Amino acid sequence: MKKKDLISINDFTKEEYMRIMELAGEFEENPNQDLLQGKVVASLFFEPSTRTRLSFETAISRLGGKIIGFTDSSSSSVKKGETLHDTIKMVSNYADMIVMRHPLEGSARYAAEVSDVPVINAGDGANQHPTQTLLDMYSILKTQDTLDNMNIFMVGDLKYGRTVHSLLMAMSQFENPIFNFIAPEELQMPDEYKLYLKNLGIRYFEHKEFTDIISEADIIYMTRVQKERFSDPIEYEKVKNVYILKNDMLENTKPNLKILHPLPRVNEIHTDVDENTKAYYFTQALNGVFTREAIISHIMNLK
Ligand code: CP
């Protein structure tokens, strides 16, 4: 049987998204299921991570699997000059599945081509972060009871933000989405994603500010301005605090509104929002465990 990878969110169909949502619900009910017993999963993080790595490792542990890998490639033979090709070739001899984060766009697709075992993209540069998207969708479904008719505000770094790129593509599969992009000139949503929406006949609007229109939002998806993606630190300083969501801005918002953020945050959500019932980002991160159990289960055909 051909191995199954998850590199781009478009590698899965809408039916598969819904199957992952269903499985995630089952794992939320019953997280400890020994479905991965006897299997080894390699967790290769060439870039820093807290949530993605630890929630994957929690998911693997709750499924009864074993984890090998590294959290810092400088502790591996990459430091001695070993190529990504050779690293993946070796690891795919040791493990039954590979979870990889890497700073280069396209690296995950390349790893999947080299590997004999399934590869899951845990973020490749500014390109895609499909497992984040599936947990975002699970969070939207849980809080809104639907994935249709969502008015989604994406705020902050829409240029380098791989989470918004994947989420936009996935939510485009559902009925009647509206996207509002709020970003400074330097960090606008790239043309390729706007063209993607145009070709599907999906409405999107671009803004520099959002206080006047915030009452229309079902989901506000805040993002961090990613210092590590800027080659010029002065350019980062210009835009780093351009949007800061504060509690008083939420007064006249919809009752169903939820605020999501892939995290980590820096300044873009004031801590006074944390106690608001519309703040959902910490539960969203918890949903990552159940969703990643579901993704592993689907890819490895465990259920
Ligand atoms: N959301 C996310 O990718 O967080 P980490 O960088 O901590 O994994």
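Read the numbers this way: they start at 1 and go in the same order the structure lists the ligands and their atoms. In this text the structure is predicted, and so the values were computed from the model without any measurement.
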Open item on the list: When you compare ligand 1 with Leu263, is there at least one nitrogen or oxygen pair between them that comes in under 3.5 angstrom?
Closed with: yes
Open item on the list: I'd like to check whether Pro262 has a polar contact with ligand 1, where a contact means an N/O of the residue lying under 3.5 Å from an N/O of the ligand.
Closed with: yes
Open item on the list: Before you tell me yes or no, could you show the steps for Leu147 and Met171 under side chain to side chain contact (heavy atoms under 4.5 Å, CB included), namely the whole-Å CA-CA distance, both residues' side-chain angles and the distance that decides it to 0.1 Å?
Closed with: CA-CA 7 Å; Leu147 289 163; Met171 291 303 290; 4.0 Å; yes
TODO: Find all atoms of ligand 1 within a distance of less than 4.0 Å from any non-hydrogen atom belonging to Gln132, and give their numbers and elements.
DONE: 1 (N), 2 (C)
Task: Per-atom contacts, ligand 1 versus Thr50 - under 4.0 Å to a heavy atom - done: 5 (P), 7 (O), 8 (O)
Open item on the list: Out of the candidates Arg62, Arg292, Lys142, only one should pair with Glu28 under the salt bridge (charged side-chain N to carboxylate O under 4.0 Å, His left out) rule; please name it.
Closed with: Lys142
Open item on the list: Looking only at side-chain N and O atoms, does Ser43 offer a donor or acceptor that is under 3.5 Å from a partner on Arg53?
Closed with: no
Open item on the list: Does the residue Arg101 have a heavy-atom contact with ligand 1, meaning some pair of atoms that are separated by less than 4.0 Å?
Closed with: yes
Task: Qualifying residues under side-chain contact (heavy atoms from CB on, under 4.5 Å), relative to Ser74, sequence neighbours excluded - done: Asp72, Lys79
TODO: With sequence neighbours left out, write down each residue that passes side-chain contact (heavy atoms from CB on, under 4.5 Å) with Lys303, or none if nothing qualifies.
DONE: Arg19, Leu23, Glu26, Phe27, Gln33, Leu35, Ser297
